[in-house]
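Heavy atoms only: backbone and side chains are in, while hydrogens, waters and symmetry mates are out.
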Amino acid sequence: QVQLVESGGGLVQPGGSLRLSCAASGSIVSIASMGWYRQAPGKERELVASITSGSRINYSDSVKGRFTISRDNAKNTVYLQMNSLKPEDTAVYYCTSSTFAMHDYWGQGTQVTVSS
């Protein structure tokens with residue numbers, strides 16, 4: 001079992017930055033990958049970025065060059081650094097983890113709003 005606690009969401013102006021954090025606890029050694037999804041009203045849920053236990057990283061085309069996913073193994077924490085934010089980045093962002101047994105876990109979500 002894995003528990004995920006997110007933080008860092010908020011309101012920023014276009015062009016601003018936010019850093020999301022996701023702290024994992026529980027069966028940490030069972031985690032194969034972690035990532036960030038987002039969902040905006042009226043839109044499908046989108047995988048923004050992911051990182052595997054072997055540090056393989058993938059990004060959505062919509063955030064490449066602006067967002068950076070990273071991991072601190074000592075703190076069991078995954079980060080999403082979001083720069084050059086746009087209004088279309090407004091969404092609820094969810095931290096996720098997938099275990100080697102193919103079990104998925106989700107955080108509670110954190111709201112990111114980009115508006116002037």
Side-chain angles (χ1 to χ4, degrees):
Q1 187 175 359
V2 177
Q3 295 82 43
L4 304 173
V5 179
E6 300 163 320
S7 61
L11 172 65
V12 297
Q13 294 186 349
S17 298
L18 283 174
R19 190 192 195 198
L20 306 183
S21 299
C22 175
S25 61
S27 300
I28 304 301
V29 295
S30 70
I31 296 177
S33 65
M34 297 187 68
W36 293 91
Y37 280 83
R38 68 184 182 186
Q39 187 165 32
K43 298 180 66 177
E44 295 294 316
R45 188 173 59 200
E46 175 189 21
L47 177 61
V48 176
S50 64
I51 183 169
T52 70
S53 61
S55 298
R56 184 170 64 253
I57 294 174
N58 289 299
Y59 294 103
S60 167
D61 288 340
S62 63
V63 307
K64 284 182 179 178
R66 299 188 298 120
F67 291 11
T68 302
I69 189 170
S70 61
R71 181 183 63 231
D72 186 336
N73 289 329
K75 297 181 179 180
N76 296 321
T77 299
V78 170
Y79 305 95
L80 185 67
Q81 178 66 46
M82 304 184 294
N83 298 326
S84 301
L85 283 162
K86 305 174 181 179
E88 51 263 44
D89 295 319
T90 296
V92 177
Y93 284 70
Y94 296 92
C95 177
T96 67
S97 68
S98 297
T99 69
F100 291 103
M102 300 179 66
H103 296 148
D104 297 327
Y105 299 89
W106 292 76
Q108 78 284 357
T110 184
Q111 177 70 47
V112 172
T113 302
V114 185
S115 176
S116 59

Distance check, rounded to the nearest 0.5 Å: [X] atom [atom1] versus [Y] atom [atom2]?
| X | Y | atom1 | atom2 | value |
| --- | --- | --- | --- | --- |
| S21 | K75 | OG | NZ | 9.0 Å |
| R56 | S50 | CZ | OG | 8.0 Å |
| T96 | L4 | OG1 | CG | 7.5 Å |
| R38 | E46 | CZ | CD | 4.5 Å |
| I28 | Q3 | CD1 | CD | 8.0 Å |
| R19 | N83 | CZ | CG | 11.0 Å |

Can you name the closest pair of heavy atoms from [X] and [Y] and give their distance?
| X | Y | result |
| --- | --- | --- |
| D104 | S98 | OD1-OG, 2.8 Å |
| Y93 | D89 | OH-O, 2.7 Å |
| M34 | S97 | CG-CB, 3.9 Å |
| A91 | A40 | CB-N, 3.9 Å |
| S53 | I31 | CB-O, 3.9 Å |

In terms of hydrophobic clustering (I, L, V, M, F, W, Y; side-chain heavy atoms under 4.5 Å; direct or indirect links), are [X] and [Y] co-clustered?
| X | Y | result |
| --- | --- | --- |
| Y79 | W36 | no |
| Y94 | V2 | no |
| Y59 | Y37 | no |
| V92 | F67 | no |
| V78 | W106 | no |

Would you check if there is a donor-acceptor pair between the side chains of R71 and N73 at a distance under 3.5 Å? yes
Less than 3.5 Å apart, any donor N or O on the side chain of S62 or S60 sitting next to an acceptor on the other? yes
Go through the steps to decide whether V112 and M82 satisfy the test side-chain contact (heavy atoms from CB on, under 4.5 Å), and finish with yes or no. CA-CA 10 Å; V112 172; M82 304 184 294; 3.9 Å; yes
Would you say the side chain of V114 lies within less than 4.5 Å of the side chain of E88, judging by non-hydrogen atoms? no
Could you point out which residue of V48, I51, L20 forms a side-chain contact (heavy atoms from CB on, under 4.5 Å) with I69? I51
